[in-house]
Amino acid sequence: RHAETAPLPSYDEVLVCSPDTGEEEVELLVRRALSPGSQHQKIYCLLGADKLVYKVSKQLESHFFRLVQSSSIPNYRFLIFCNAKADSSYVITAFDAYKVTFPDCSETEIQTYLKTQLQVPSGTAPVALAFEKPHQQNVKFVFSERAGMGK
């Protein structure tokens, strides 16, 4: 069961994957999750891991299983999120034994949780004024096809 007051993972705990995600980025996150000293209540996450290219997916598998075997950490927290419809993804095949279906939460429950977690404290975060509802959210993703174009 999920905890409604549990915080979202922080920036150093999450890697959003794309076809351009490199082996080094993936290895770094796996090392953080499975290295001694990583049990400080952090939850490491690979988002969209089904988008990794084959070579990077193979390296993810290799690093993960090598570190799991050599690690003395019994209760690591490492989540790999994939699109269930991406059945041709190597990551989905490689980690099939660890597969868990996302808990059955309604869209309303998820939205309520995110609204409580993404609040801007009063009197802070002037950058949030650039968004529609600055008093409710302090996180927005802005993607651009061209880097450095003022986004």
What is the distance from atom [atom1] of [X] to atom [atom2] of [Y], rounded to the nearest 0.5 Å?
X: Arg32; Y: Glu13; atom1: CZ; atom2: CD; value: 9.5 Å
X: Lys58; Y: Glu23; atom1: NZ; atom2: CD; value: 12.0 Å
X: His63; Y: Leu28; atom1: NE2; atom2: CG; value: 10.5 Å
X: Leu60; Y: Ile80; atom1: CG; atom2: CD1; value: 5.0 Å
X: Asp96; Y: Tyr98; atom1: CG; atom2: OH; value: 11.5 Å

field: ring-ring contact (aromatic ring centres under 6.0 Å, His included) involving Phe95 - partner list, sequence neighbours excluded
entry: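 Checked Phe95 against ring-ring contact (aromatic ring centres under 6.0 Å, His included); matches are Phe64, Phe65.
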Please find the pair of heavy atoms, one from [X] and one from [Y], that lie closest to each other, and give the distance.
X: Leu29; Y: Cys45; result: CD2-O, 3.3 Å
X: Arg66; Y: Arg31; result: NH2-NH2, 3.9 Å
X: Ser57; Y: Tyr90; result: CB-CD2, 3.7 Å
X: Asp20; Y: Glu25; result: O-OE1, 4.3 Å

Under 3.5 Å, which donor-acceptor pairs do the side chains of residues 47-56 form with other protein atoms, sequence neighbours left out?
| unit_1 | atom_1 | unit_2 | atom_2 | d |
| --- | --- | --- | --- | --- |
| Asp50 | OD1 | Asn83 | N | 3.0 |

message: Please evaluate residues Leu46 and Leu79 with respect to the criterion side-chain contact (heavy atoms from CB on, under 4.5 Å), reporting the C-alpha separation (whole Å), side-chain torsions for both, the decisive distance (0.1 Å), and the verdict.
response: CA-CA 6 Å; Leu46 277 178; Leu79 302 174; over 6 Å; no
task: Could you state whether Leu67 and Phe78 fall into the same hydrophobic cluster, counting links through intermediate Ile, Leu, Val, Met, Phe, Trp or Tyr residues with side-chain heavy atoms under 4.5 angstrom apart?
output: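 Cluster IDs for Leu67 and Phe78 match.
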message: Applying a strict under-4.5 Å side-chain criterion to I, L, V, M, F, W and Y, I'd like to know whether Tyr44 and Leu34 cluster together.
response: yes
